[in-house]
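For reference, the structure is listed below as structure tokens.
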2 protein chains.
Amino acid sequence: MTERPAYGADDTHEPAPRWLTDEEQRTWRAYLHATTLLEDHLDRLLQRDAGMPHIYYGLLVHLSEAPRRRMRMTDLAEGLKITRSRLSHAVARLEKSGWVRREECPSDKRGQLAVLTDEGFAMLSRTAPGHVEAVRGALFDRLTPEQVTQLGDICRTIATGLQPECGDLPWRR
Amino acid sequence: MTERPAYGADDTHEPAPRWLTDEEQRTWRAYLHATTLLEDHLDRLLQRDAGMPHIYYGLLVHLSEAPRRRMRMTDLAEGLKITRSRLSHAVARLEKSGWVRREECPSDKRGQLAVLTDEGFAMLSRTAPGHVEAVRGALFDRLTPEQVTQLGDICRTIATGLQPECGDLPWRR
DNA sequence: GTGAAGTGCTTGAGACTTCAAATAAAGCTC
DNA sequence: GAGCTTTATTTGAAGTCTCAAGCACTTCAC
């Protein structure tokens with residue numbers, strides 16, 4: 001994607017782009033393939049077993065772990081690393097399915113709480129084992145324990161660098 | 001997502017699910033956060049600079065490297081790890097923008113070739129340096145060379161396990 | 001308090017993805 | 001070479017995501 005290309009004819013006076021090395025390039029493509037395939041795979045499985053894409057499923061899991069199984073919309077969006085708008089649409093959809101319910105926030109009249117319903121909880125109970133197996137089968141059963149540690153470190157580094165609050169670093173242009 | 005949960009009440013006679021360990025769980029969440037944030041980040045940048053999501057950009061790059069800058073639809077879909085249907089829609093959109101053109105396949109009348117236009121090539125030349133910088137800034141400049149190697153190995157392992165042809169392994173249920 | 005600015009959340013339109021169904025051309029078998 | 005199956009691709013509808021407004025409430029400063 002970001003390779004030292006045949007294009008990028010360097011007759012401008014821009015500073016020469018630091019193209020990716022061969023290894024970086026191979027790694028980048030492997031990353032794109034792995035993440036594309038894994039997301040598709042999990043989406044397909046959860047669509048079949050729970051009738052929703054896996055980000056929606058993650059939303060329900062997140063709620064299930066919150067005190068009283070409810071959270072402010074903004075906190076939920078931050079926890080899931082998605083925009084409020086996307087969350088709003090997602091909750092609307094999950095509300096229609098009956099897995100989530102909205103409640104007014106007592107302390108702030110602008111606020112809304114997303115609440116996991118009993119039906120939602122029951123659905124998680126049913127589908128969680130299958131989902132764990134899918135994640136294991138695609139990821140953890142294929143990696144060595146060292147690789148799991150490495151992947152965790154790498155992902156934390158990437159995620160940290162992309163948190164919204166780091167929004168105006170130079171490479172964000 | 002796939003944790004040892006409060007739900008999953010184990011009063012059934014199913015085999016006990018192998019819940020994720022703490023470290024696996026942390027790694028899994030870090031993975032989800034990193035991939036979500038990185039995809040959003042690159043999408044936003046490329047939407048701004050090239051007017052398309054980064055998978056479409058990847059499509060153009062892939063074409064730019066092919067002999068005569070053209071490829072059969074099916075090969076392109078496989079190379080990008082996306083479905084033919086998605087590719088079909090994507091090419092239709094890129095055709096409207098003028099970056100890609102379709103051609104009949106001489107050897108197989110069912111076939112179509114996606115061809116990168118000169119305008120598409122020029123657009124890549126313009127935007128590639130910025131895109132490399134974005135990928136570097138978010139990923140390679142933050143990882144050690146060892147981590148880049150590790151990430152490559154890990155992603156290749158994941159991707160290999162999810163190739164379409166491995167479609168009927170037990171954990172795919 | 002009152003107005004200005006900020007925060008929390010939703011909405012609608014347009015773009016993208018998925019899934020299932022449709023078309024058209026190969027290839028295979030008798 | 002006539003059917004049957006398979007392969008290559010497209011289409012349309014339904015669902016999801018993004019972006020830019022929009023509305024309602026809160027906070028801050030005077």
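Chain letters run A, B, ... following the sequence lines, proteins first and then strands; every chain starts at 1. On a predicted model such as this, the values are computed, not experimentally measured, just so you know.
Defined by atom type and a distance below 3.5 Å, a donor-acceptor pair is missing between the side-chain atoms of A/Arg156 and A/Thr160.
Take B/Ser88 and apply the side chain to side chain donor-acceptor pair (under 3.5 Å) test, not counting sequence neighbours, and it matches no residue. Residues satisfying the side chain to side chain donor-acceptor pair (under 3.5 Å) criterion with A/Arg86, sequence neighbours excluded, are absent altogether. For A/Glu119, the side chain to side chain donor-acceptor pair (under 3.5 Å) partners at least two apart in sequence or on another chain are A/Thr117.
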Between the protein and nucleotides 2-6 of chain C, which nitrogen or oxygen pairs come in under 3.5 angstrom?
unit_1, atom_1, unit_2, atom_2, d
C/dG6, N2, A/Arg110, NH1, 3.0

Look for any protein N or O under 3.5 Å of an N or O in nucleotides 12-15 of chain D and output each such pair with its distance, or none.
unit_1, atom_1, unit_2, atom_2, d
D/dG12, O6, B/His89, NE2, 2.8

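Using a 4.0 Å cut-off, some side-chain N or O of B/Arg72 falls inside it from OP1 or OP2 of D/dT9. Contact between the side-chain N/O atoms of A/Arg102 and the OP1/OP2 oxygens of C/dT10 is found at a separation under 4.0 Å. Within the 4.0 Å cut-off from OP1 or OP2 of D/dC19, at least one side-chain nitrogen or oxygen of B/Arg44 is found.
Under a 3.5 Å cut-off, the side chain of B/Glu24 and the backbone N or O of B/Thr21 do form a donor-acceptor pair. Side chain of A/Glu95 to main chain of A/Arg102: a donor-acceptor pair is present (N/O by atom type, distance under 3.5 Å, no hydrogens or angles). Looking only at distances, a side-chain donor or acceptor of A/His33 sits under 3.5 Å from a matching main-chain atom of B/Gly79. Between the A/Gln147 side chain and the A/Thr144 main chain, a donor and an acceptor come within less than 3.5 Å of each other. Side-chain atoms of A/Asp43 do not come within 3.5 Å of backbone N or O of A/Pro53 as any donor-acceptor pair. The closest donor-acceptor contact from the side chain of A/Arg136 to the backbone of B/Trp19 lies under 3.5 Å.
Note on B/Asp43: nothing from the nucleic acid sits closer than 4.0 angstrom, heavy atoms only. Residue B/Asp40 is classed as a sugar-phosphate contact, given heavy-atom separations below 4.0 Å to backbone atoms only.
Whole-Å rounding puts the A/Leu37 CG to C/dT18 C1' distance at 16 Å. A straight line from NE2 of A/His41 to P of C/dT18 spans 15 Å, rounded to a whole angstrom. Between the CZ atom of B/Arg86 and the C1' atom of D/dC17 there is a distance of 12 Å, rounded to whole Å. What separates CG of B/Asp108 from P of C/dG27 is a distance of 7 Å, to the nearest Å. Atoms CD (A/Glu104) and P (C/dC9) sit 11 Å apart, rounded to a whole Å. Atom-to-atom, CD of B/Gln112 to P of D/dA8 comes out at 13 Å; the value is rounded to the nearest Å. When rounded to the nearest whole Å, the span between CZ of B/Arg48 and P of D/dT18 equals 17 Å. In this structure, B/Arg84 atom CZ and D/dT7 atom C1' are separated by 7 Å, rounded to whole Å.
Of the candidate nucleotides D/dC17, D/dT9, D/dT26, D/dC17 has the atom lying nearest to any side-chain atom of A/Ile55. The A/Thr83 side chain lies nearest to D/dT18 when the options are C/dT17, D/dA8, D/dT18.
Scanning DNA chain C for stems, defined as runs of 3 or more consecutive Watson-Crick or G-U wobble pairs whose donor-acceptor distances all fall under 3.5 Å, gives the following ranges: C:1-30 with D:1-30.
Residue B/Leu32 is grouped with residue B/Leu20 when hydrophobic side chains (ILVMFWY) are merged at heavy-atom distances under 4.5 angstrom, including chains of intermediate members.
None of B/Val100, B/Leu76, B/Val115, B/Leu116 except one satisfies the side chain to side chain contact (heavy atoms under 4.5 Å, CB included) rule with B/Arg70; the exception is B/Val115.
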